[in-house]
Amino acid sequence: VSVLSGNLGWRLEPVVVQYRGAVALVRRIGLGPLLLRILSGCGAVLELVASAPEVLRATGWIWFAVIMGVLVGLAPRTRLVGLVGLVALALWLIRTAAENGNYSILRLSALGVALYVTHACAALAAALPYDATIGAAALARRITKIGITAAVGVGFGVGSLIAARVLPALHGVAGALAGSTAAVLIVGLLVWSARRSF
Amino acid sequence: VAGRLAGRRWQVETSWAEGLFHNVAWTPTRALGRAVFFVSVCLLLGVGLGRLDLVALAAPFALGAGWALRRRPSAEPVLDLVLSSSTVAEDEKVTAHLRVTNPNPVPVDLAVVRVAHSRWIDLGNGDRPYATSLPGSGSAEVELSGPALRWGLRTVGPAMAYAVACDGMLVCGRSIVEAKRVTVYPQRPQFRAADMVTLSSALTGGHRSRRPGEGGELAGVRHYAPGDRLRRVDWRVTLRTRELHVAHTLSDRDAEVAIVLDVSHDAGRSGGVHGTASVVDTTVRAAAAIAEYYLRLGDRVSMIEYSGHPRHLRPASGGRHLQVVSEWLVATRATADAGGTPVFGFDPHLVAHATLVVVLSPLLAAPSGEMIAELARAGRFVIVVDTLGTAGARRAVGGRWSLVAHELWRLERENLVASLREAGVPVAPWSGAGTLDQMLRDAAQMAAAPRVGVR
């Protein structure tokens, strides 16, 4: 019996080593990076759900949003984060187009917050190794800043939207020109800012 | 612009995949490209389609990126690694201070610091990266400390740091600090031996020799003989017996002890100072204990490493030599060092004639037995301390033939030990204090016994 058990232990040793390696890997996960990845994953699910809940419910593709969220949480350094954002944007456009451009401000705000939170949390999670130890104060500061930026940005955007609805519309070429100029200026400013010292 | 940004991103992302990235200045990450791209798409679509909701969606990205990028760092953070001490004993604490300094007036979101270190220095979670926020023109320090688990030349480092700024949209190249060396001296277990060294040489030292002479150790009282000094007369005995008696003393002598470390083979798994000991661990710690004991008695101790690349430490005495011995022991290796052809040979004349030779050997191979026999044949008094310990009693794991092979090996080893004993070389397992007592007593009796001489 002892020979048999010895043989069995000898043959099972690689499996035990693999298992212990996997357990050690999981136990190394840092709480800070885990929280950031969970936030980015939840943000990705929320942005897909907020963009077209009816479409997802009707097609039964709600699991697609969950899978995308998990993937974003697992791979915040990849292009998947931007891709999921674009998918959410496309779903939003399709759904609002189907409803003749009608949407609720609340849903738009939720989508805006979800898009930014996913982007910002993924940006920080990408910069941190998965097993990093981060101080609670530093992490709280980063998350608070993300929350404030999202709230202020969405508030500004939605506020501008409401203001634009209230203000008399600029009909004809003038409106298109004003909007295009503003868009080009903003994009140009961002690109200039990004390239300033590179 | 997108192409150039993508190129820079690729440089960073590739290096992420490798674990670390090369020394580059502050570089945009994929997050910056994503923000710019998303704002561009939303604004252009919004203007093109006349959809103000898309502009509202782009607002947090535009505001966040614009606000974060308004002040950017230009210089990389500077990392410094300082150790509390470069020499410690086993189980003593080593503290590593990792100080990362931000030379920019702009605060940095996160500075990630990581240090590699020998697995025999337990710095707690020292193998993890540490992330901390870094104020403008300020510094942050990460302190890692833990015990040194095993003797030897250990390293802490290299250490690496990089920083992330502007909400994770800029990342800087790594700053690297070279590794620092920590010398960990072996722990010296409590050791005592019978205060009788069979052979002694010079006329100084703390040992009571077997030879009568001028000394402080009373051996008895005997009749006066011509040549005895008057101050040696024992007046009380003389008055009682009415015959002149003198106090008979033993001379104080020092001895030379040669400790041979047989590290041609290692066995067992080292678990550090609180875990299991490998053969080399036992050998080195036992050698340190024996050397310390005899050096404190005032004896001269020499060390010899029996391995593929033998080393020899000349005999000397005193506290300074104890330090030299500790440093010599730290460089002990089980296997031959890289380079050069291993030389397994041992000249018995390396050891002076009147020397007690303590061989610390696991007796794992025939050449070890031959080396010991050669020393004994050359007239040196040799005692062998078996350093294999519990590793020899461990059950073999494997197939049927492994068990047979293990049993054969065990019998061969028992045969070797028996052969050495038959040849007059005492062998005893290392058991800390008192290991050498019985062997030294036997040796003293053998040395006092009459010898057969041929004229």
Side-chain angles (χ1 to χ4, degrees), chain A residues 3 6-7 9-10 28 30 32 77 79 81-82 85-86 89 93 96 101 103 108 111-113 115-116 119-120 122-124 126-129 131-135 138 141-142 145-146 149-150 152-154 156-158 160-161 164 176 179-180 183 186-187 189-191 193-198, chain B residues 1 5 8 13 16 26-32 34-47 51-67 69-70 72 74 109-110 112 114 125 128-133 164 167-169 171 395-400 403:
Chain A
V3 171
N7 277 337
W10 182 49
R28 280 187 66 85
R77 288 173 197 149
R79 291 192 170 85
V81 183
L86 283 180
L89 198 65
L93 279 173
T96 48
Y103 51 85
L108 178 70
L111 179 60
V113 168
L115 280 169
Y116 185 74
H119 154 76
L124 280 180
L128 283 175
D131 55 348
T133 301
I134 178 169
R141 233 183 344 262
R142 301 315 320 158
K145 193 184 174 194
I146 290 170
T149 309
V152 170
V154 170
F156 175 77
V158 171
S160 306
L161 187 66
S180 302
I186 291 169
V187 172
L189 194 66
L190 277 178
V191 172
S193 180
R195 292 199 61 209
R196 200 168 44 176
S197 63
F198 306 131
Chain B
V1 171
L5 285 177
R8 288 178 190 280
E13 293 295 332
W16 268 119
W26 287 92
T27 310
T29 63
R30 182 163 280 163
L32 178 55
R34 187 166 62 227
V36 173
F37 177 72
F38 203 78
V39 170
S40 314
V41 168
C42 283
L43 288 183
L44 294 175
L45 278 177
V47 171
R51 297 284 301 267
L52 283 175
D53 52 336
L54 297 183
V55 179
L57 290 177
F61 286 86
L63 282 176
W67 184 260
L69 290 169
R70 80 192 191 286
R72 287 182 298 180
S74 55
D109 290 350
L110 291 172
V112 182
R114 186 170 212 161
N125 286 326
R128 282 176 180 271
Y130 283 83
T132 178
S133 55
V164 184
D167 292 345
M169 288 188 284
V171 65
R395 272 185 53 210
V397 178
R400 190 157 54 96
L403 297 176

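Nothing here was measured: the structure is a model prediction, and the numbers come from that model. To find a chain, count down the sequence lines: A is the first, B the second, and so on, and within it residues start at 1.
Heavy-atom pairs under 4.5 Å with chain A peak, among B/Ala56, B/Pro60, B/Ala59, at B/Pro60. Taking chain A as the reference chain and counting heavy-atom pairs below 4.5 Å, the highest number among B/Ala35, B/Cys42, B/Gly168, B/Ala131 is found for B/Ala131. Counting heavy-atom pairs closer than 4.5 Å to chain B, the top-ranked of the candidates A/Val158, A/Thr96, A/Leu115, A/Thr149 is A/Leu115. Here B/Leu43 is the residue among B/Leu43, B/Val39, B/Val112, B/Thr132 with the most heavy-atom pairs under 4.5 Å with chain A.
Only the side chain of A/Arg141 comes within less than 4.5 Å of a heavy atom in chain B; its backbone stays farther off. Proximity to chain B (any heavy atom under 4.5 Å) is restricted, for A/Leu89, to the side chain, taken from C-beta onward. Contacts of A/Ile146 with chain B are absent, with no heavy-atom separation under 4.5 Å from either backbone or side chain. With a 4.5 Å cut-off on non-hydrogen atoms, A/Val113 does not touch chain B at all.
We find the CG-CD1 distance between B/Leu110 and A/Ile134 to be 4.5 Å, quoted to the nearest 0.5 Å. Distance check, rounded to the nearest 0.5 Å: CG of B/Leu57 to CG of A/Leu111 gives 5.0 Å. Atom CG in B/Leu63 sits 6.0 Å away from atom CZ in A/Phe156 (nearest 0.5 Å). Atom CZ of B/Arg30 and atom CZ of A/Arg77 lie 11.0 Å apart (nearest 0.5 Å).
For B/Ala31 against A/Ala123, the heavy-atom pair with the smallest separation is CB-CB, 3.3 Å. The two atoms that bring A/Leu86 and B/Phe38 nearest to each other are N-CE1, 4.3 Å, heavy atoms only.
Between the B/Arg34 side chain and the A/His119 main chain, a donor and an acceptor come within less than 3.5 Å of each other.
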